[in-house]
Number of protein chains: 2
Amino acid sequence: MLGGGGETVSNPKETGSRPEKGAAGSSRSRAKSAVAAQTAAAGRRPEPAAPKPKTARGEATRRAILSAAERVIGEQGFNEASIGSITREAGVAQGTFYIYFASKDDVFSELVADMGRMLRHAISEATAGIADRLDAERAGLHAFLTFVAAHPELYRIVQEAQFVDHKAYLAYFRTFAEGYREGLALAAENGDIRPGDADIRAWALMGIARSLGEYSVVFGSAASIDEMVDTAHEMIVHGLAAVSDRGDGHA
Amino acid sequence: MLGGGGETVSNPKETGSRPEKGAAGSSRSRAKSAVAAQTAAAGRRPEPAAPKPKTARGEATRRAILSAAERVIGEQGFNEASIGSITREAGVAQGTFYIYFASKDDVFSELVADMGRMLRHAISEATAGIADRLDAERAGLHAFLTFVAAHPELYRIVQEAQFVDHKAYLAYFRTFAEGYREGLALAAENGDIRPGDADIRAWALMGIARSLGEYSVVFGSAASIDEMVDTAHEMIVHGLAAVSDRGDGHA
DNA sequence: TCAAAACATGAATAGTGATTCATAATTCAT
DNA sequence: ATGAATTATGAATCACTATTCATGTTTTGA
């Protein structure tokens with residue numbers, strides 16, 4: 001759950017269904033040159049793996065590009081954003097991009113992974129030390145909405161990942177769902193909440209959080225984070241709480 | 001709410017926030033030829049408006065293309081799907097496409113609008129005549145998940161609309177949210193459910209439905225629709241029901 | 001101080017696919 | 001029937017941009 005026990009980092013195995021592109025989930029590529037063709041034909045190593053920078057200077061440049069990519073892609077969307085616009089924003093030459101990233105898809109994946117880490121960190125930070133499950137849930141929801149509001153690009157990027165890097169998208173949500181599920185299962189065992197299918201509940205709760213995030217970030221709702229948290233949490237408490245302990249979640 | 005009162009068709013005014021592309025929400029276009037440039041410069045009429053077919057024959061062809069587009073775009077995604085692959089699937093020549101649609105973006109918008117209509121229809125069909133709000137809610141959720149399972153492309157297409165036709169995306173969800181909101185507000189007035197912010201609740205409930213839809217369609221969950229409906233509805237009932245009428249939603 | 005290693009550059013390459021267009025083939029109204 | 005509409009065709013255009021590459025420039029280490 002959003003207010004679960006620390007950064008659960010599962011490595012869920014493929015169970016998905018959808019298309020899954022041709023190869024490594026990567027999308028198009030203008031140039032299907034020799035190498036690319038081979039790669040695609042062979043066991044395909046997703047990418048020649050962008051060699052990590054060896055200098056502080058390189059490290060800085062890489063970061064500048066990544067950060068520029070976050071802004072540009074977050075604003076214009078993956079397909080609209082060109083390498084040119086990214087490198088321009090970063091203040092480097094176009095070719096420099098390929099020193100640090102293997103492809104356009106590559107930065108994108110990096111971005112998705114990064115955001116996932118940041119978000120999980122923000123949430124586990126906010127819920128650390130909160131014993132009561134439902135209280136933690138509340139804090140987690142609050143942290144989530146706060147983070148999303150602070151990083152509006154997050155929303156677009158993660159959503160778009162479904163089309164650009166399906167694999168990363170699945171991994172992203174599976175990881176969150178898994179954390180949620182564990183928290184719910186545990187809470188149910190403890191009798192803190194009514195018994196019920198933890199998986200389905202996890203997805204339902206995740207949906208609430210995502211939807212409210214979208215409501216505020218994408219649809220520009222005027223509702224404050226606190227209002228959303230209050231209202232949603234009231235629903236969640238009643239929706240989950242053990243029968244003996246209702247009201248606002250405390251006996 | 002999913003089990004609301006008939007097909008609410010609001011015409012929500014722009015309140016959004018995000019980028020909103022250059023012009024009519026339309027995305028790129030390889031050819032910025034004379035016309036396009038003018039169009040973009042001038043007051044820009046979104047599209048020369050694809051002239052509706054005048055013959056049964058034309059009507060059939062148009063439908064064939066639209067249907068092919070649904071399949072192809074739903075499977076490959078907007079950017080991967082080429083006009084060529086769509087017309088091939090439809091069994092017509094490439095040029096034929098432009099007899100019925102002004103652009104690639106155009107079919108897409110049409111698709112999004114269509115699906116919205118179908119979905120709303122399916123839901124209002126399923127909930128027609130159900131008096132009890134919460135019962136209707138349940139039926140609506142069931143109809144939604146059933147529809148989504150039957151049209152897996154729906155999910156991808158609607159999601160992708162956020163990047164291809166942001167305006168249509170906003171309209172789509174605003175319409176649903178509005179219907180939900182009204183249902184909730186009404187139910188609250190009647191004392192069927194506890195009072196609470198109807199807007200926020202609407203988005204929260206919408207999130208549950210969307211998330212479960214994604215769980216089954218995108219993530220290939222093994223959970224049956226009934227399991228999902230049961231679990232989610234139990235949460236929703238407790239999450240919303242008036243204090244006097246709890247349990248499974250009936251006094 | 002100097003060669004090697006790391007970085008940086010930006011022009012050139014090259015694949016792609018949306019859109020157009022000059023020509024047919026069909027169908028319709030009279 | 002038969003000219004006008006309507007619909008169909010598919011090759012050609014052509015803008016667009018990811019990626020490469022031949023050259024510089026800077027930094028590092030000894």
Side-chain angles (χ1 to χ4, degrees), chain A residues 22 26-37 39-40 47-48 50-65 69 72-73 76-88 90-108 164, chain B residues 22 26-40 47-48 50-65 68-69 72-73 76-88 90-108 164:
Chain A
S26 173
S27 59
R28 102 272 52 251
S29 272
R30 279 313 168 6
K32 254 174 208 153
S33 52
V35 192
T39 300
E47 244 119 35
K52 300 292 165 220
K54 316 247 170 183
T55 319
R57 186 193 177 200
E59 185 60 51
T61 303
R62 190 192 137 91
R63 255 201 276 281
I65 295 174
V72 175
I73 294 182
Q76 319 192 3
F78 183 79
N79 283 283
E80 304 310 313
S82 65
I83 301 296
S85 59
I86 292 173
T87 51
R88 203 174 312 122
V92 300
Q94 202 148 323
T96 305
F97 178 92
Y98 291 90
I99 295 177
Y100 301 103
F101 301 96
S103 67
K104 195 182 173 185
D105 287 321
D106 190 31
V107 240
F108 192 85
V164 177
Chain B
S26 171
S27 57
R28 102 271 48 248
S29 277
R30 284 291 161 33
K32 255 173 207 154
S33 53
V35 192
Q38 271 186 251
T39 300
E47 244 120 35
K52 300 293 166 217
K54 315 246 170 184
T55 318
R57 187 192 177 201
E59 185 60 51
T61 303
R62 191 193 137 91
R63 255 201 277 281
I65 294 175
V72 175
I73 294 182
Q76 317 190 6
F78 183 78
N79 283 284
E80 303 311 313
S82 65
I83 301 294
S85 60
I86 292 173
T87 52
R88 202 175 311 123
V92 300
Q94 201 149 326
T96 305
F97 178 92
Y98 290 91
I99 295 178
Y100 302 102
F101 300 96
S103 66
K104 194 182 174 186
D105 286 321
D106 191 30
V107 241
F108 191 85
V164 177

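Chain letters run A, B, ... following the sequence lines, proteins first, then strands; residues in each count from 1.
Along DNA chain D, the nucleotide closest to B:Arg62 and the one closest to A:Tyr98 are compared, and the more 5′ of them pairs with B:Arg62. Both B:Ala56 and B:Gln94 lie near DNA chain D, and the one whose nearest nucleotide falls closer to the 5' end is B:Ala56.
If you take CD1 of A:Ile65 and C1' of C:dA8, they are 10 Å apart, rounded to a whole angstrom. Put simply, CZ on B:Arg88 is 10 Å from P on C:dG17, counting in whole angstrom units. The distance from atom NZ of B:Lys104 to atom P of D:dA15 is 19 Å, rounded to the nearest whole Å. Rounded to an integer number of Å, the gap from CZ of A:Phe108 to C1' of D:dA18 is 16 Å. Here the P atom of nucleotide D:dA5 and the CD atom of B:Glu59 are 22 Å apart, to the nearest Å. Between the P atom of C:dA11 and the CD1 atom of A:Ile83 lies a distance of 17 Å, rounded to the nearest Å. Here the C1' atom of nucleotide C:dC7 and the CZ atom of A:Phe101 are 14 Å apart, to the nearest Å. The CD atom of A:Glu80 sits 12 Å away from the C1' atom of D:dC16 (whole-angstrom rounding).
A distance of 7.0 Å separates CZ of B:Phe97 from CD1 of B:Ile65, quoted to the nearest 0.5 Å.
The side chain of B:Thr55 places no N or O atom within less than 4.0 Å of a non-bridging phosphate oxygen (OP1 or OP2) of D:dA5.
Note on A:Tyr100: only backbone sugar-phosphate atoms sit closer than 4.0 angstrom, heavy atoms only; bases stay farther off. A:Ala60 comes within 4.0 angstrom of nothing in the nucleic acid, heavy atoms only. Looking at heavy-atom distances under 4.0 Å, B:Thr96 makes contact with a base.
Listed here is the closest heavy atom pair of A:Phe78 and A:Lys104: O-NZ, 2.8 Å. In terms of heavy atoms, B:Ala90 sits closest to B:Ala64 at CB-O, 3.8 Å. Scanning both residues, A:Phe101 and A:Asp106, for their nearest heavy atoms gives CA-OD2, 3.6 Å.
Of the candidate nucleotides D:dA18, C:dA18, C:dA8, C:dA8 has the atom lying nearest to any side-chain atom of A:Ile99. For B:Arg57, taking side-chain heavy atoms from C-beta onward, the closest of the listed nucleotides C:dT19, C:dT26, D:dT27 is C:dT26. Taking every side-chain heavy atom of A:Thr61 into account, C:dA8 is the closest of D:dA18, D:dA8, C:dA8. Ranking D:dA18, C:dA18, C:dT26 by closeness to the B:Ser82 side chain, first place goes to C:dA18. Taking every side-chain heavy atom of A:Ala93 into account, C:dG10 is the closest of C:dG10, D:dT19, C:dA6.
Put simply, the side chain of A:Ser85 never gets that close to the backbone of A:Ala81: no donor and acceptor are under 3.5 Å apart.
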